[in-house]
Amino acid sequence: MNIFALFETRVREALESLTRSGRLPEGLDLSRVVVEPPRDASHGDLATNAALVLAKEAKQNPKALGEALAEELRTDPRIVEASVAGPGFINLRLAPEVFQDVIRAALSEGESFGRGQMPGGPVNIEYVSANPTGPMHVGHGRGAVFGDALANLLAAAGRPVTREYYINDAGAQVDVLARSAYLRYREALGETITIPEGLYPGDYLKPVGMKLAETHGRALLDQPEPEWLPQVRRFAIDAMMAMIREDLAAIGIRHDVFFSEATLQGENGGKVAELLDALRQKGLVYEGRLPPPKGQLPDDWEDREQTLFRSSQFGDDVDRALLKSDGSFTYFASDIAYHRDKWLRGANELIDVLGADHGGYVKRMQAAVKAVSDGQARLDVKLCQLVRLLRAGEPVKMSKRAGEFVTLRDVIDEVGRDAIRFMMLYRKNDATLDFDLAKVVEQSKDNPVFYVQYGHARRFSVLRQAREALPGEDFSSAALLADADLSVLTDPGEIEMMRLIAQYPRVLESAAAAHEPHRIAFYLYETASSLHSFWNKGKDLPQLRIVNPTDRNSTRARLALVEALGGVLASGLAVLGVSAPNEMR
């Protein structure tokens, strides 16, 4: 039950009534009309901008139009007050029965409450896509958690979602990996090695070298590099991907598709060559020269005639090269072919979750997706900022195993999956995140993940108290739904909890539409705080205690409210991929 959608429909019906009576012209554009929570909760339960956004087109004073619309809305028995504020906003105060119906809906629907049927076709979300050259670090973890939560969020809103990982298993970096693993192979055979600059120094490659020695013995030593390099490269990539998958599983991340970059460039150029042919058929490829970039020239810039894609025709700043001077494909050409492949597999919305250093990638890829799909698909690139890892305010030193950074697995082992996932999502993805290993395990209000999980656990603790205080009573959701008298819920704290529960469907829908899972984390903290605040009031005011053995009526009503709120907390935590414990120790 989404009261915002329900009353938006009611506002549109009222506008149609004004049109039929001649007080509004026909054919007004209602697309900008919304119903949302008022900025100040004291002003009412809902607010609509209808009069404000329609006044100019209707050629009416917004306040006068607001008064006419408010008068029409007052005829609805579910609306006890409709008042015009400011330049034309209409604030609505709802009858208590509306919120009581929300509680009943939340009880009857359980964790499916608020989950909807968001319009739109299949979505492909590519996230993590860390180069298979070593263990995942904390920065990878942020993109992994963000992408996974966004996939959960869109699925909860009703969109079909494919979760994808792009394996960068072609190019120079995997050759560096192979040479680094080969050095560890020689070490495993008893040689003393020195790792030269440019190779990967981390100890994580020692097991790979040992496994190579077990598999091949000394045979690779007798082969020239062109023979051993492809064997070691494939072996090392598989070993790194196995390690990455283990790290992802430890933090609850899953993917439906692992797509190999190497498969794009098959016989006769493979899918990248197919892409160039498709772009040529559209007249989007030409031979020309690019102007020099502004500022200092990069080392790899070449003033020569090149094979170019008309990306500026689709919103990019300049056209882009598709072939290098040696005739091989540019990275951009491979990226276009990959995104075209996603679209050809059926996705009309593509989301790439990338590190903040990929900001220059956004416009060109959005232009490319628009071009290859004839505007039928759109690309949203979500950039994740850096994670500063701290312990009690001090920077954390590098991992001994990785040699250059702190591994994600080290952090998982220290603070657990839930703390990482929630705190990675408790700040917007494009803002730098300070992750303090000491603070995320505190049991206090200042630790959001603990506070929200404690709110869910409180749902079960009050049920246990009720069963002890009132033995023989049935406090199951079905029983509370059947006979709890919700009209006794009149305290401001109870009303606040009901309002927050009613907001959940809208929060879920708006967060999914904006691709912003942090909104769910913020909402959960606010909702859990409302329960904790009401609980604390009951310590000082016995008449507000959730479990009151002398008043079974209020006990059942408050248990129904807490059960509904707990169900919302469980649903939201599931979207974030965080557990909802029944008790906290």
Side-chain angles (χ1 to χ4, degrees), residues 1-102 105 114 116 118-119 489-514 516 519 522-523 526-527 530:
M1 179 183 180
N2 186 335
I3 64 170
F4 297 91
L6 186 69
F7 283 92
E8 185 175 308
T9 299
R10 181 65 190 92
V11 167
R12 290 170 184 268
E13 290 171 350
L15 291 168
E16 290 170 4
S17 177
L18 292 176
T19 301
R20 286 195 301 271
S21 66
R23 287 183 286 176
L24 278 178
E26 298 274 356
L28 291 178
D29 178 12
L30 305 185
S31 62
R32 291 189 295 149
V33 172
V34 297
V35 171
E36 58 194 355
R39 293 181 180 176
D40 186 338
S42 66
H43 294 165
D45 301 311
L46 306 175
T48 180
N49 65 348
L52 199 63
V53 299
L54 296 176
K56 185 175 181 180
E57 188 182 357
K59 298 180 181 178
Q60 295 189 22
N61 177 281
K63 200 150 190 175
L65 176 54
E67 291 291 353
L69 181 55
E71 181 183 356
E72 185 71 30
L73 291 170
R74 291 184 195 112
T75 63
D76 191 321
R78 300 169 299 175
I79 299 173
V80 298
E81 183 183 338
S83 58
V84 182
F89 282 103
I90 302 173
N91 293 321
L92 305 177
R93 199 172 300 279
L94 305 180
E97 292 78 14
V98 174
F99 292 102
Q100 293 165 23
D101 287 344
V102 169
M118 188 178 180
L489 301 174
T490 57
D491 181 81
E494 294 167 331
I495 292 169
E496 180 188 10
M497 284 190 278
M498 287 194 284
R499 278 178 169 168
L500 284 166
I501 294 167
Q503 287 179 22
Y504 182 60
R506 180 181 180 274
V507 170
L508 197 66
E509 181 180 311
S510 61
E516 293 184 343
R519 296 190 189 190
F522 292 172
Y523 166 82
E526 183 182 6
T527 303
S530 71

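It should be emphasised that the depicted structure is a prediction, and the values quoted were computed from it without experimental measurement.
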Does some side-chain heavy atom of [Y] sit less than 4.5 Å from a side-chain heavy atom of [X]?
{"X": "Leu24", "Y": "Leu69", "answer": "no"}
{"X": "Asn49", "Y": "Phe89", "answer": "yes"}
{"X": "Leu15", "Y": "Leu28", "answer": "no"}
{"X": "Thr19", "Y": "Glu26", "answer": "yes"}
{"X": "Ile501", "Y": "Phe99", "answer": "no"}
{"X": "Val102", "Y": "Met498", "answer": "no"}
{"X": "Arg78", "Y": "Leu6", "answer": "yes"}
{"X": "Ile79", "Y": "Leu94", "answer": "yes"}

**Prompt:** Do Arg23 and Glu72 sit within salt-bridge range, that is, some charged N less than 4.0 Å from a carboxylate O?
**Reply:**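 A salt bridge is present here (some side-chain N lies under 4.0 Å from a carboxylate O).
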**Prompt:** Are Glu16 and Arg12 close enough for a salt bridge, meaning some N to O gap below 4.0 Å?
**Reply:**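 Looking at Arg12 together with Glu16, the answer is no, because their closest N to O distance does not fall below 4.0 Å.
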Short side-chain to backbone donor-acceptor contact, [X] and [Y], under 3.5 Å:
{"X": "Arg74", "Y": "Ala82", "answer": "yes"}
{"X": "Glu494", "Y": "Thr490", "answer": "yes"}
{"X": "Thr75", "Y": "Glu71", "answer": "no"}
{"X": "Glu509", "Y": "Gly116", "answer": "no"}

**Message:** Testing Thr9, Thr48, Leu46 one by one against Phe4 for a side-chain contact (heavy atoms from CB on, under 4.5 Å), which residue passes?
**Reply:**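 By the side-chain contact (heavy atoms from CB on, under 4.5 Å) criterion, Phe4 pairs with just one of Thr9, Thr48, Leu46: Leu46.
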In Å and rounded to the nearest 0.5 Å, what is the [atom1] to [atom2] distance from [X] to [Y]?
{"X": "Asn91", "Y": "Glu81", "atom1": "CG", "atom2": "CD", "value": "8.5 Å"}
{"X": "Leu92", "Y": "Arg10", "atom1": "CG", "atom2": "CZ", "value": "10.0 Å"}
{"X": "Glu13", "Y": "Phe7", "atom1": "CD", "atom2": "CZ", "value": "10.5 Å"}
{"X": "Thr527", "Y": "Glu496", "atom1": "OG1", "atom2": "CD", "value": "9.0 Å"}
{"X": "Ser530", "Y": "Arg499", "atom1": "OG", "atom2": "CZ", "value": "12.0 Å"}
{"X": "Asp29", "Y": "Leu54", "atom1": "CG", "atom2": "CG", "value": "8.0 Å"}

**Request:** Can you establish whether the number of heavy atoms outside Arg39 located under 6.0 Å from its atom CZ is more than 12?
**Result:**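 Counting other residues, nucleotides and ligands, CZ of Arg39 stays at 12 neighbours or fewer.
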**Item:** Aromatic Tyr523 / basic Arg506 pairing, under 6.0 angstrom, 45° off normal
**Value:**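 Cation-pi check for Arg506 and Tyr523: fails.
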